[in-house]
**Q** 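Below: one structure in structure tokens.
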Protein chains: 2
Amino acid sequence: MKCSVILCPAHLDELYFTGKTIIVIDVLRASNTIINALKNGAKEIVPVASVEFAVKVSGGMFGGQTLIGGERNTKKIDGFALGNSPLEYTEEVVSGKSIVFYTTNGSKAVAKAKFSENLFICSFSNISAVAKHIVNLNTDFEILCAGRNNSFSIEDSVCAGRLVSIIQTLSKNIELSDSSKACLALNKSFGKSILAMLKGSEHGKLLIENGFEEDLKFCSETDSIKVIPYFKENVIKLPR
Amino acid sequence: MKCSVILCPAHLDELYFTGKTIIVIDVLRASNTIINALKNGAKEIVPVASVEFAVKVSGGMFGGQTLIGGERNTKKIDGFALGNSPLEYTEEVVSGKSIVFYTTNGSKAVAKAKFSENLFICSFSNISAVAKHIVNLNTDFEILCAGRNNSFSIEDSVCAGRLVSIIQTLSKNIELSDSSKACLALNKSFGKSILAMLKGSEHGKLLIENGFEEDLKFCSETDSIKVIPYFKENVIKLPR
């Protein structure tokens, strides 16, 4: 299995992903919001790459069963039912619902990678489950860090390194790119306390400033949820 | 002094660099070729972002005093006088000459950052000299890793981390971004033997395959040259 990490998605176009196995990581917070919403019974997440498209798509969907969620500059968008805090996506709110989802980095990364053969959503909360699944697939894979505004983010890179390190303990058959080796080193340097790493990160500091400190705690928990969201035919679901 | 590292330049446009202090790093090999050519008496380097532009620019320059150099896929381009091996740029060949220079990553990164207020070229060979100069300037700066094909490269990131670490020993007045902290960690993990790191890198392996192993040795030497090439009015020169 060849393994590579895409540290910034900006330079890649949609066709790059055709036929590949891709794991999207957006630790703060889209990955965790998607994971928690599906764990809490949301029917599906429809990731979109623009606010305009979110409004358009949701307009055509079945009344009452659709919510729009997401953020711009960490905050809920006017007219949206939900923001991008995983804690908002409780069973009471999301059970049985389709959620049209726009975020600055994560939903865009998923939408960009839509031509992938396999496309999974990962964060610390489901990392061992995803690792096992990749080892079972036994195929080359690339980890797509959503990053921040098309640029590097430490939390996604550390999570990518952690995923590679777990896969390494499960399979000896893994060939590492420069970027995978770098992320392994970053996990070693910064992965001792995920919560401390998140609190010290640029994105983490911004979230704390904007009142989302509880989200950091939620996003730091490891192997707490264990579901594996996958993307197929324009929606993110759990396997039946 | 705020310090940030741009790990992949793809998502930035030329205007991003306006008024900034930028240090371009392309360890394999453009930084070293530029540094060695200027140390060996080249009058100036004219970095260009396309082969076509290299041919156009050199056509209008003073006959006999201009050479075209650079590479595509690590190899010298048909019709060019020189490739991108720093070892080719000897005093006999380059002294007094203007060199129009095209490479896949490095010359493009310099051309992209042309609106910077200050723009320097760095590699391991002149790293302490550049660090001292930045500390003397006492200004915010960004390190632009040329990378590989708009993507991450381990050698440029480790060199960026080494530069930040030397600057930290010279000045306590430095504020680190996520990317700077990550590069510091990468320098710690991979910087013990620069030559081993280069030989293990994707780009290094490709250069060895193509017969350029000697270049890796040259590019691994630290503080061996000590000049500080800077870009101004479309050319790279040494300060008088």
**Q** Residues two or more places apart in sequence or in another chain: which of them pass side chain to side chain donor-acceptor pair (under 3.5 Å) with B/S180?
**A** B/S177

**Q** Residue by residue, scan residues 186-207 of chain B and write down, ordered by number, those that have a heavy-atom distance under 4.5 Å to chain A; if none do, write 'none'.
**A** B/L186, B/S189, B/F190, B/G200, B/S201, B/E202, B/K205

**Q** Which residues in residues 151-159 of chain B have a heavy atom less than 4.5 Å from any heavy atom of chain A?
**A** B/S151, B/F152, B/I154, B/E155

**Q** So which bits of residues 212-225 of chain A come within less than 4.5 Å of chain B, counting non-hydrogen atoms only?
**A** none

**Q** With a 6.0 Å cut-off (strictly less than), is the heavy-atom count around CG of A/D78, excluding the residue itself, greater than 12?
**A** no

**Q** Counting heavy-atom pairs under 4.5 Å to chain A, which of B/D178, B/L12, B/L7 comes out on top?
**A** B/D178

**Q** For B/K20, look at atom NZ and say whether over 12 heavy atoms of other residues, nucleotides or ligands are found less than 6.0 Å away.
**A** yes

**Q** Pick whichever of B/V5, B/N150, B/I6 has the most heavy-atom pairs under 4.5 Å with chain A.
**A** B/N150

**Q** Report, as yes or no, whether the 6.0 Å neighbourhood of atom CG on B/D13 holds more than 12 heavy atoms from other residues, nucleotides or ligands.
**A** yes

